[in-house]
Amino acid sequence: MTTAPVSAPSAPAPVHQRVADLAAAHIAPWQEGYLQDRSQAVAALARLRRGAGRAAGELPDLWSLIDTDPLHGTGDAGGTGGAGGTGGKADSHAPDEPARRLSERELIRAEDALHAALTLWAFHQQSRGTPMHRRHTRERPAGLGAAVRRLMPAAGIDEPVRKRLVRAGSAPDLVTLTQRLRDLVSLLRREDVPLDYALLAGQLYIWQWPDGPAAVRRRWGRSFHEQRRPRPAPDANTLPDTDKDAS
């Protein structure tokens, strides 16, 4: 009689990955609902957009919309989709392991990163007929640096755009960073260039710690050089822009 090997338990996901997973769990149903013109999702994005570039505590209206309960408890990083529809359970590196309870400082920084990423995504998605949140893969880079690189000519560098990315990375605090990212996102939105907002949420969490800005800038720099292909021609089947939520 043979027995199945017992696998060692996996370590709980690091905090930045929990933040990224929770961001993905929120965005997925909102994005699907928005693209299908569901009223709840359209209304949720209108509320979220008002928080883009602002501190997390500035708009109490968003407290009931962005569910941060998974960060407070000891469960995994799955979440609900808020007003946009029912949420799915986010992927986790260790779904069977209880997550470590966060310290107060970790919790505040995680909540701030989540708020920043979700509100920037809502601003990006406004009136776009295709998903503006797309997960990063090696074959299709979707990190911030890669997205910014796609704004540029295939054979050259647009210095003003590059300097916007550098300026964002040198922001003195998270609110200033999100304001500068909002300027970059407005360019991405204009050109229908998607971004991995789950990845960004995790990076915004890292950015708030000592040595975090330097680490994130390095990641953005590597991402910038990952994307050397020109932007694809517009898809003839892409849905036209709408003004359903121009507010």
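Computed from heavy atoms alone, side chains included, the values below leave out hydrogens, waters and symmetry copies.
Partners of Arg189 according to the side chain to side chain donor-acceptor pair (under 3.5 Å) rule, which considers only residues two or more places apart in sequence or in another chain, do not exist here. Thr119 is linked by a side-chain contact (heavy atoms from CB on, under 4.5 Å) to Leu48, Ala52, Leu62, His115, counting only residues two or more places apart in sequence or in another chain. Pro172 pairs by the side-chain contact (heavy atoms from CB on, under 4.5 Å) definition with Thr176, Arg180, not counting sequence neighbours. Listed by chain and number, the residues in a side chain to side chain donor-acceptor pair (under 3.5 Å) with Asp61 are Arg47 (sequence neighbours excluded). Here Glu111 pairs with nothing under the salt bridge (charged side-chain N to carboxylate O under 4.0 Å, His left out) rule; sequence neighbours left out. By the side chain to side chain donor-acceptor pair (under 3.5 Å) test, Glu104 is found to be paired with no residue, residues two or more places apart in sequence or in another chain being considered. Shown here are the side-chain contact (heavy atoms from CB on, under 4.5 Å) partners of Val175, two or more places apart in sequence or in another chain: Ala55, Asp173, Gln179. Ser39 pairs by the side-chain contact (heavy atoms from CB on, under 4.5 Å) definition with nothing, not counting sequence neighbours. Qualifying side chain to side chain donor-acceptor pair (under 3.5 Å) partners for Arg162, counting only residues two or more places apart in sequence or in other chains: Glu159.
For the residue pair Gln203/Trp220, the side-chain donor-acceptor check at 3.5 Å is satisfied. Using a 3.5 Å distance cut-off with no hydrogens or angles, the side chains of Gln40 and Arg38 do not pair a donor with an acceptor.
The structure places CG of Leu187 at 10.0 Å from CE of Met152, a figure rounded to the nearest 0.5 Å. Note that CZ of Arg128 is 11.0 Å distant from CZ of Arg190, once rounded to the nearest 0.5 Å. Rounded to the nearest 0.5 angstrom, His26 NE2 and Leu65 CG are separated by 7.5 Å. Rounding to the nearest 0.5 Å places CE of Met132 at 14.5 Å from CG of Leu120. Going from atom CG of Asp112 over to atom CG of Leu177 covers 11.5 Å, rounded to the nearest 0.5 Å. Remark: Ser186 OG to Gln126 CD distance equals 11.5 Å, nearest 0.5 Å.
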Below 3.5 Å, can you tabulate the donor-acceptor pairs from side chains in residues 206-215 to any protein atom, sequence neighbours excluded?
residue : atom : partner : partner atom : Å
Gln208  : NE2  : Arg109  : O            : 2.8
Gln208  : NE2  : Leu204  : O            : 3.1
Trp209  : NE1  : Tyr205  : OH           : 3.3

Subject >> side-chain contact (heavy atoms from CB on, under 4.5 Å) assessment of Arg149 paired with Val161 >> reply: CA-CA 9 Å; Arg149 182 65 181 86; Val161 174; over 6 Å; no
Original post:
Yes or no on side-chain contact (heavy atoms from CB on, under 4.5 Å) for Asp158 and Leu151, after CA distance, side-chain angles and deciding distance?
Top reply: CA-CA 8 Å; Asp158 185 324; Leu151 295 171; over 6 Å; no
Original post:
Checking side chain to side chain donor-acceptor pair (under 3.5 Å) for the pair Trp121/Gln31: CA distance, chi angles, key distance, verdict?
Top reply: CA-CA 9 Å; Trp121 163 74; Gln31 184 162 264; 3.2 Å; yes
**OP:** Kindly determine whether Leu188 and Arg150 satisfy side-chain contact (heavy atoms from CB on, under 4.5 Å), including the steps that lead there.
**Re:** CA-CA 9 Å; Leu188 299 177; Arg150 291 185 67 195; over 6 Å; no
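The list of salt bridge (charged side-chain N to carboxylate O under 4.0 Å, His left out) pairs with a residue in residues 196-209, not counting sequence neighbours, reads Arg135-Asp196. Contacts classified as salt bridge (charged side-chain N to carboxylate O under 4.0 Å, His left out) and involving residues 212-221 (residues at least two apart or in different chains) are not found.
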